[in-house]
Number of protein chains: 2
Amino acid sequence: MARTRLTARAAEAKPRAVASAAAPAPATPDLSLAGVDGFIGYAIRRAQLSVFQDFGERMAEFAISTAQFSVMRLARDNPGLNQRTLAEALGAETSRMVLIIDELERRGVVDRLPSTLDRRSRAIYLTAEGRKLLRRLERRVAAQDRAMVKRLRGDDKDALLRMLRNLAKPL
Amino acid sequence: MARTRLTARAAEAKPRAVASAAAPAPATPDLSLAGVDGFIGYAIRRAQLSVFQDFGERMAEFAISTAQFSVMRLARDNPGLNQRTLAEALGAETSRMVLIIDELERRGVVDRLPSTLDRRSRAIYLTAEGRKLLRRLERRVAAQDRAMVKRLRGDDKDALLRMLRNLAKPL
DNA sequence: TATTGTTATACTCTATAACTATA
DNA sequence: TATAGTTATAGAGTATAACAATA
């Protein structure tokens with residue numbers, strides 16, 4: 001990501017014909033976003049960007065995405081789920097889940113086994129290697145979550161989760 | 001988006017060889033996401049997905065994206081900013097801002113005027129038509145924000161914004 | 001030399017449609 | 001007929017690099 005900080009205030013007063021540019025003020029704190037940052041949607045987007053970038057940096061060593069991590073958790077705790085169920089649980093498309101699991105299978109962390117009950121579907125299991133990797137990932141993710149709680153500076157994580165879940169519910 | 005609801009519980013107990021599929025349980029409430037939904041990052045992602053989809057539906061008539069709306073707000077309240085400053089304010093890449101403003105200019109809602117102070121840069125202004133459109137958009141966005149506050153069911157929007165902003169701050 | 005706007009490229013994610021093999 | 005997995009495709013968004021004009 002960009003990792004930018006707003007440094008300019010600029011914006012001339014009225015000129016409707018020819019205009020000015022942004023003043024390169026050295027280290028101005030923030031500036032008037034003039035309202036957009038008062039919207040819940042905007043605040044969520046900025047937070048999500050920051051949190052996912054942080055996740056990417058902490059997981060760079062393993063080159064694992066948030067989606068891949070979630071699938072691994074789900075596969076370990078609900079062995080034998082099919083791809084459609086995994087996709088629905090995480091709010092992804094089944095076609096996307098195919099690619100995610102393709103990669104996890106290629107890395108040897110999950111197995112796709114043919115189902116005996118429904119020969120169209122494939123049951124997903126975490127391999128021994130997958131469980132090992134997942135344990136390492138979980139320590140990192142737990143550390144990130146603790147770091148985020150620290151950022152909350154005394155505010156209640158449970159209240160945050162409750163609010164976010166209420167916003168996430170389909171209308 | 002997918003607008004999915006988890007309907008299966010499934011997942012057989014141990015079978016390491018051949019496996020089962022997900023049971024098509026009719027209307028099971030939710031099921032064990034077994035932990036991922038206890039992470040702040042996961043909760044933020046799901047909320048962001050839901051809120052942005054809702055935004056898209058409410059703005060379908062105008063075919064305006066969240067980024068375009070934010071640029072219009074910023075351009076109205078800070079007339080004459082250049083593209084780099086707009087990009088930094090919204091956490092976007094300058095190359096992305098070019099495309100966003102290309103489209104806004106094509107629709108006649110913003111003007112790109114040459115700067116007299118720095119002939120490399122272009123000052124962005126909302127047109128009269130842009131201001132008119134923005135007023136209509138703002139009513140819709142305000143309505144969406146009110147709808148989200150309702151979803152909070154008594155929880156404090158200010159607390160939510162404060163927490164999200166703290167999470168969004170670059171480490 | 002550095003910066004602004006721009007173009008181009010690539011990769012991820014999202015969204016659909018279509019196909020196959022099953023059911 | 002419908003469903004699971006898959007493939008293909010197209011569109012957003014993200015991230016980089018490079019270039020011209022200008023500073």
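Letters A, B, ... are given to chains in the order of the sequence lines, protein chains preceding strands, and every chain is numbered from 1. The model shown is predicted, which means the values in this text are computed figures rather than measured ones.
- Rounded to whole Å, atom P of D/dA15 lies 11 Å from atom CD of A/E57.
- If you take CG of A/N82 and P of C/dT22, they are 16 Å apart, rounded to a whole angstrom.
- Taking B/R165 as the reference, nothing meets the salt bridge (charged side-chain N to carboxylate O under 4.0 Å, His left out) condition, with sequence neighbours excluded.
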Which atom pairs link the protein and nucleotides 7-13 of chain C when you take only N or O atoms and keep those under 3.5 Å?
unit_1: C/dC13; atom_1: OP2; unit_2: A/R96; atom_2: NH2; d: 2.0
unit_1: C/dC13; atom_1: O5'; unit_2: A/R96; atom_2: NH2; d: 3.4

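- Separation of atoms CZ (B/R140) and CE (B/M59) is listed at 6.5 Å; rounding is to 0.5 Å.
- Straight-line distance from the CD atom of A/Q48 to the C1' atom of D/dT14: 12 Å, rounded to whole Å.
- Out of C/dG5, D/dT6, D/dT14, the shortest distance to the side chain of A/R122 is found at D/dT6.
- Every residue two or more places apart in sequence or in another chain that forms a salt bridge (charged side-chain N to carboxylate O under 4.0 Å, His left out) with A/K157 is listed here: A/D145.
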Next item on the list: Would you please test B/D118 and B/S115 for side-chain hydrogen bond (donor to acceptor under 3.5 Å, both in side chains) and show each step?
Entry: CA-CA 6 Å; B/D118 182 340; B/S115 166; over 6 Å; no
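- We find the CE-CG distance between A/M97 and A/N82 to be 10.5 Å, quoted to the nearest 0.5 Å.
- Here C/dT14 presents its C1' atom at 15 Å from CG of A/L90, a figure rounded to the nearest Å.
- Between A/Q53 atom CD and D/dA15 atom P there is a gap of 7 Å when expressed in whole angstrom units.
- Here the P atom of nucleotide C/dG5 and the CG atom of B/L113 are 13 Å apart, to the nearest Å.
- Along DNA chain D, the nucleotide nearest to A/R45 and the one nearest to A/Q83 differ in position, and the one closer to the 5' end is contacted by A/Q83.
- Take B/R106 and apply the salt bridge (charged side-chain N to carboxylate O under 4.0 Å, His left out) test, not counting sequence neighbours, and it matches B/E103.
- Under the salt bridge (charged side-chain N to carboxylate O under 4.0 Å, His left out) criterion, B/R119 pairs with no residue, sequence neighbours left out.
- Set against C/dG5, D/dT3, D/dT14, the side chain of A/R84 has D/dT3 as its closest nucleotide.
- A distance of 9.0 Å separates CZ of A/R151 from CG of B/N166, quoted to the nearest 0.5 Å.
- Phosphate proximity of D/dT6 to A/R112: present, with a side-chain N or O under 4.0 Å from OP1 or OP2.
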Next item on the list: Go along nucleotides 18-23 of chain D 5' to 3' and tag each nucleotide: B for a protein heavy atom under 4.0 Å from its base, S when only backbone or sugar atoms are that close, - otherwise.
Entry: ---BBS
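- Residue A/M97 contributes atom CE, which lies 15 Å from atom P of D/dT7 at whole-angstrom precision.
- B/R131 and B/E138 are not joined by a salt bridge, as no carboxylate oxygen comes within less than 4.0 angstrom of a charged side-chain nitrogen.
- Between A/E93 atom CD and D/dT6 atom C1' there is a gap of 14 Å when expressed in whole angstrom units.
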